[in-house]
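Everything quoted here is computed from the prediction, not taken from an experiment.
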Amino acid sequence: MSWTPWTRRTLAALAVCVLLPLGAAGCATGHARPYVQSPAPVGKVLGDTDETGRHLREVGKKDAPEVGVEVTPDTRGGWDVRLTFGHFRCSAPGAGRTAVTGRGLAYLFVDGHEAARLRSPDYHLPDRLVPRGTHHVTARLYADDGTAWAVHGKPVQSTADITVSDPQPPQAPPAPSSAPPSSPASKATSARSPGAAATPTMGGSPVR
């Protein structure tokens, strides 16, 4: 068998196809598709769930997401909620459904009931969600795929307690005083009308 340059090139191409990993395409057509690496998994999804039934996504304590919550009364009514984050950023609207390190949403709960899903640290809590009594306002962090960020098997969250009392009734104006009119001597420091002359007194009697 004679070995021509064309034959050698054909055998070399076959050898390259044999060395490619299983599942690599392109040998039949001569055009290999680029290899796309799947994103590395973030943490570990546990079998345990939070109170809403969402699975926990366990991550290491170092650089784990953190959240704090502060609730203050609004003078115009309702309550102002302020969140603080550590190693965490809220995802923008339209973000994919893939868990990304340190990204996601903050869910706000009042007494265990979901009140809002936040993409920013500020929220106004209306009065209707917190009637009279003591309430627990909890902020919990979730990944974009709906799993709850967790450390040591516990959801990453923070809770603030607020107490709502009945408004104080308006106070009645003070009753008018029944004291007798002041004597002339006690009016020594009172303002006088322009041009009025004061008569000097001693012991309450005019000095002549």
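Residues D50 and Y142 bring a donor and an acceptor atom of their side chains to less than 3.5 Å of each other. Counting only N and O atoms by type, the side chains of D111 and H136 include no donor and acceptor under 3.5 Å apart.
At least one donor-acceptor pair under 3.5 Å links the side chain of R57 to the backbone N or O of V42. A donor-acceptor pair is defined here as one N or O able to donate and one able to accept, closer than 3.5 Å; no such pair exists between the side chain of H87 and the backbone of G102. Judged purely by atom type and a 3.5 angstrom limit, E58 uses its side chain to pair as donor or acceptor with the backbone of H152. Formation of a donor-acceptor pair under 3.5 Å by the S91 side chain with backbone atoms of G104 is found in this model.
Across all non-hydrogen atoms, the minimal contact from L56 to P155 is CD2-CG, 4.0 Å. Between A92 and R103, the shortest heavy-atom contact is N-NH2, 4.4 Å. Residues F88 and P65 share a closest heavy-atom pair of CD1-CB, 4.0 Å.
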_Determine whether V59 and W149 satisfy the following criterion, side-chain contact (heavy atoms from CB on, under 4.5 Å), listing intermediate values before the conclusion._
CA-CA 7 Å; V59 292; W149 293 111; 3.6 Å; yes
*Could you go step by step and tell me if T159 and D161 meet the side-chain contact (heavy atoms from CB on, under 4.5 Å) rule?*
CA-CA 7 Å; T159 300; D161 294 339; 3.9 Å; yes
With a cut-off of 3.5 Å and sequence neighbours excluded, list every side-chain donor-acceptor pair involving residues 75-85.
{"from": "D80", "atom 1": "OD1", "to": "H124", "atom 2": "ND1", "distance (Å)": "3.2"}
{"from": "R82", "atom 1": "NH1", "to": "D122", "atom 2": "OD1", "distance (Å)": "2.7"}
{"from": "R82", "atom 1": "NH1", "to": "D122", "atom 2": "OD2", "distance (Å)": "2.8"}

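Rounded to the nearest 0.5 Å, atoms CG (L118) and CG (L108) are 5.5 Å apart. The structure places CD of Q157 at 5.5 Å from OG1 of T138, a figure rounded to the nearest 0.5 Å. Atoms CG and SG, from L141 and C90 in turn, are 8.0 Å apart once rounded to the nearest 0.5 Å. Taking CG from L125 and NE2 from H135, the interatomic distance works out to 9.5 Å, rounded to the nearest 0.5 Å. Annotation: the span from D127 atom CG to L129 atom CG amounts to 9.0 Å, rounded to 0.5 Å.
Contact annotation: the side chain of R140 approaches that of E51 to within less than 4.5 Å [non-hydrogen atoms, C-beta and beyond]. Counting only heavy atoms from C-beta outward, the side chains of V156 and V151 approach each other to under 4.5 Å. Here the side chains of L105 and R119 are in contact, with some heavy-atom distance below 4.5 Å. Using a 4.5 Å heavy-atom threshold, the side chains of E114 and Y107 count as touching. At least one side-chain heavy atom of V71 sits less than 4.5 Å from a side-chain heavy atom of V69. Side-chain contact between Y123 and P121 is absent, with no heavy-atom pair separated by less than 4.5 Å. Counting heavy atoms from C-beta on, the side chains of I162 and T134 never come closer than 4.5 Å.
By the side chain to side chain donor-acceptor pair (under 3.5 Å) test, S158 is found to be paired with no residue, residues two or more places apart in sequence or in another chain being considered.
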